[in-house]
Amino acid sequence: MLEYNITLTNNVTKKLKALGTPNWSKPLKQSAAYMERITLTRFAKEIDPDGKQWTPLKPETIKRKKSGVILREKSILINATSSRIVGDTAYIENPTSYGIFHQRGTQTLPRRQFLGFGRRDIARINQFFREYVESL
């Protein structure tokens, strides 16, 4: 299973203890929903977390497949992508057995990363938490 997570660090938790014990579920849910949505968008745009285009399919692969789309012909990977919250951690995950081969690449498969956090994602998630803290 592939999964990436957002966890509050001890430093953040210690600094915010002065505010009492905030309920982090709202910004965690916002972050998880955002990451799930942006990951599905990556499949449609065929880009990695930093916006770089995936390696195109080889001509022989396009001939063999029913379409020229990458990682979406049967929609198994895209449909398996989900998010969840456990305690103070939000997860974006893909439990397929072969997703990791696309995510990391192999000797014969080029890397086509669909999970992960790009710079824009980190900025947006930081914004969710900043807005939440400012609302306390």
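None of the values given here were measured: they were computed from a predicted structure.
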Quiz item: To the nearest 0.5 Å, what is the distance between CH2 (Trp24) and CG (Asp88)?
Solution: 10.0 Å
Practice problem: Would you kindly confirm whether Leu109 and Val69 end up in one hydrophobic cluster when ILVMFWY residues are joined by side chain heavy atoms under 4.5 Å apart? | Solution: no
Practice problem: Nearest 0.5 Å please: distance from the CD1 atom of Ile78 over to the CD1 atom of Ile76. | Solution: 12.0 Å
Exercise. Inspect the surroundings of NZ in Lys65 and state if more than 12 heavy atoms from other residues, nucleotides or ligands are less than 6.0 Å away.
Key: yes
Quiz prompt | Residue list, side chain to side chain contact (heavy atoms under 4.5 Å, CB included) with Arg124, at least two apart or on another chain | solution = Tyr34, Gln127, Phe128
Quiz item: Counting distance only, does the side-chain N/O of Gln103 pair as donor-acceptor with the main-chain N or O of Leu115 below 3.5 Å?
Solution: yes
Self-check item: Heavy-atom closest pair, residues Asp48 and Trp54
Solution: N-NE1, 3.6 Å
Exercise. Could you tell me which non-hydrogen atom of Pro27 sits nearest to which non-hydrogen atom of Ser31, and how far apart they are?
Key: O-OG, 2.7 Å
Quiz item: Where is the tightest heavy-atom contact between Glu36 and Thr81, given as atom of each residue plus distance?
Solution: OE2-O, 3.9 Å
Exercise. Evaluate the criterion side-chain contact (heavy atoms from CB on, under 4.5 Å) for residue pair Gln30 and Phe129; output intermediate values, then yes/no.
Key: CA-CA 9 Å; Gln30 289 174 307; Phe129 281 88; over 6 Å; no
Quiz item: Roughly how far apart are Arg119 CZ and Ile122 CD1, rounded to 0.5 Å?
Solution: 9.0 Å
Exercise. Could you tell me whether the side chain of Leu57 reaches within less than 4.5 Å of the side chain of Arg112, counting heavy atoms only?
Key: yes
Quiz item: At their closest point, which heavy atom of Leu28 faces which heavy atom of Ile85, and how far apart are they?
Solution: O-CD1, 3.5 Å
Quiz prompt | For Ala90 against Ala32, the heavy-atom pair lying closest together | solution = CB-CB, 4.1 Å
Quiz item: Where the side chain of Asn23 meets the backbone of Ser25, is there a donor-acceptor pair that is under 3.5 Å apart?
Solution: yes
Quiz item: Got a sec, which residues hit side chain to side chain contact (heavy atoms under 4.5 Å, CB included) with Lys63, two or more places apart in sequence or on another chain?
Solution: none
Distance-only donor-acceptor pairs under 3.5 Å for side chains of residues 40-47, two or more places apart:
residue : atom : partner : partner atom : Å
Thr41   : OG1  : Arg37   : O            : 3.0
Arg42   : NH1  : Phe114  : O            : 3.1
Arg42   : NH1  : Gly116  : O            : 3.1
Arg42   : NH2  : Gly116  : O            : 3.3
Arg42   : NH2  : Asp121  : OD2          : 2.4
Glu46   : OE2  : Ile70   : N            : 2.9
Glu46   : OE2  : Arg72   : NH2          : 3.4

